[in-house]
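Data first, discussion second: the structure below is written as structure tokens.
Note that the coordinates shown come from a computational prediction; the quantities given were computed from them, not determined experimentally.
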Amino acid sequence: MKYNVLNDNNAATIVDDADIEQSIQSGQPLPRAIVQAMGKTHNEKYLEYLYPVLYYEQRYIRLDAAQSIFNLNGMKGLEALKEKDNSIDSSDFEKEPSEKAVLTAIIIRIEKGPSGIVQYFLSEEGRDIVKYSILFYYSQGYDYKEEDIRLISTIIREFLNKDTKRIKKVSKSDWNEFVYFALESLWIASEETEVMRQMSEEASVEVVEVIHEILAYKVSNDIKELIALTTIGMQKLYGLELLRSLKGKVGGDAKRAYKKALQFWEVTEEQL
């Protein structure tokens, strides 16, 4: 298998299973690309090699390791994640990105499931930095389920509610960033899995409704591009409904993504 990952220079690259095995056999510290690729294999045998990476010098590769552990089997890796979390001083919550906040969010998700994450996010208790880190682990290589899609929809809708006290405190740039990453999670789910083609009508309607709410705001073309690309991995009925919402409202890369989606569904703009 080949895996699209990032290297230590944050550039896109491709590695395969042979690269992973060769890196292990070398006995050298694992490079970022290998750490990310391990999480995409869904092969639990790589867990033991990822645990030490949680203590590497570079923060970005430690976070990649945490995500890969979660992707492979969060429950099996729970104790290792807890040990790392306990080793980090609470002052780390004041940093951005906060490694401790990400680990805390992952641990809550593993122990309490999607419903526990939603409860934590909606409550007045807990740290906002943890709540804003919830979407971190919904990235490439994760095996999305319907419950994950519904969790993301719920969190987006709450974030769109600007009457909420804590949301009022969020800057416009941070708000846009959160919405972007939430939509990116949906796009990854639609591109890498079949979940959005197979999930229930109720879940599909929730996704469409929340994206309509997003489009009611003055959002960037980057966000519209993600929406257009996501429609390709949805059930046709709901994908076309969202494309109708984008009709006449896209430009640049978003327009190219919109046309790509129309071509995929074999419809013209006039037929929408």
Count the heavy atoms belonging to other residues, nucleotides or ligands that lie under 6.0 Å from CD of E96, then report whether that count exceeds 12.
no
Does a salt bridge link [X] with [Y], judged by any charged N lying under 4.0 Å from a carboxylate O?
| X | Y | result |
| --- | --- | --- |
| R256 | D253 | yes |
| R109 | D148 | yes |
| R150 | E202 | yes |

Is the backbone N or O of [Y] less than 3.5 Å from a side-chain atom of [X], with the two atoms forming a donor-acceptor pair by type?
| X | Y | result |
| --- | --- | --- |
| K112 | I117 | no |
| N86 | K82 | yes |
| N71 | K40 | no |

Exercise answer: donor-acceptor pairs, residues 24-32 side-chain atoms, under 3.5 Å, sequence neighbours excluded:
from: S26; atom 1: OG; to: S23; atom 2: O; distance (Å): 2.7
from: S26; atom 1: OG; to: Q28; atom 2: N; distance (Å): 3.2
from: R32; atom 1: NE; to: D64; atom 2: OD2; distance (Å): 2.6
from: R32; atom 1: NH1; to: N10; atom 2: OD1; distance (Å): 3.0

Going by the side chain to side chain donor-acceptor pair (under 3.5 Å) test, name the single residue among E269, K247, Q263 that passes it with Y258.
E269
Are [X] and [Y] connected, step by step, through hydrophobic side chains (Ile, Leu, Val, Met, Phe, Trp, Tyr) whose heavy atoms are closer than 4.5 Å?
| X | Y | value |
| --- | --- | --- |
| F264 | W187 | yes |
| I14 | V5 | no |
| L6 | V35 | no |

Distance (rounded to the nearest 0.5 Å) between L81 CG and K76 NZ
14.0 Å
Please report the shortest heavy-atom distance between G233 and R197, naming the atom on each side.
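Closest approach of G233 to R197, heavy atoms only: O-CG, 3.2 Å.
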Would you say the rings of F70 and Y138 are close, in the sense that their centroids are separated by under 6.0 Å?
no
Result block: side-chain N/O donor-acceptor pairs under 3.5 angstrom for residues 222-231, not counting sequence neighbours:
from: K224; atom 1: NZ; to: K249; atom 2: O; distance (Å): 2.7
from: T230; atom 1: OG1; to: L226; atom 2: O; distance (Å): 2.7
from: T231; atom 1: OG1; to: A228; atom 2: O; distance (Å): 2.6

Working for salt bridge (charged side-chain N to carboxylate O under 4.0 Å, His left out), residues K45 and E21:
CA-CA 11 Å; K45 74 176 185 179; E21 293 300 324; 3.2 Å; yes
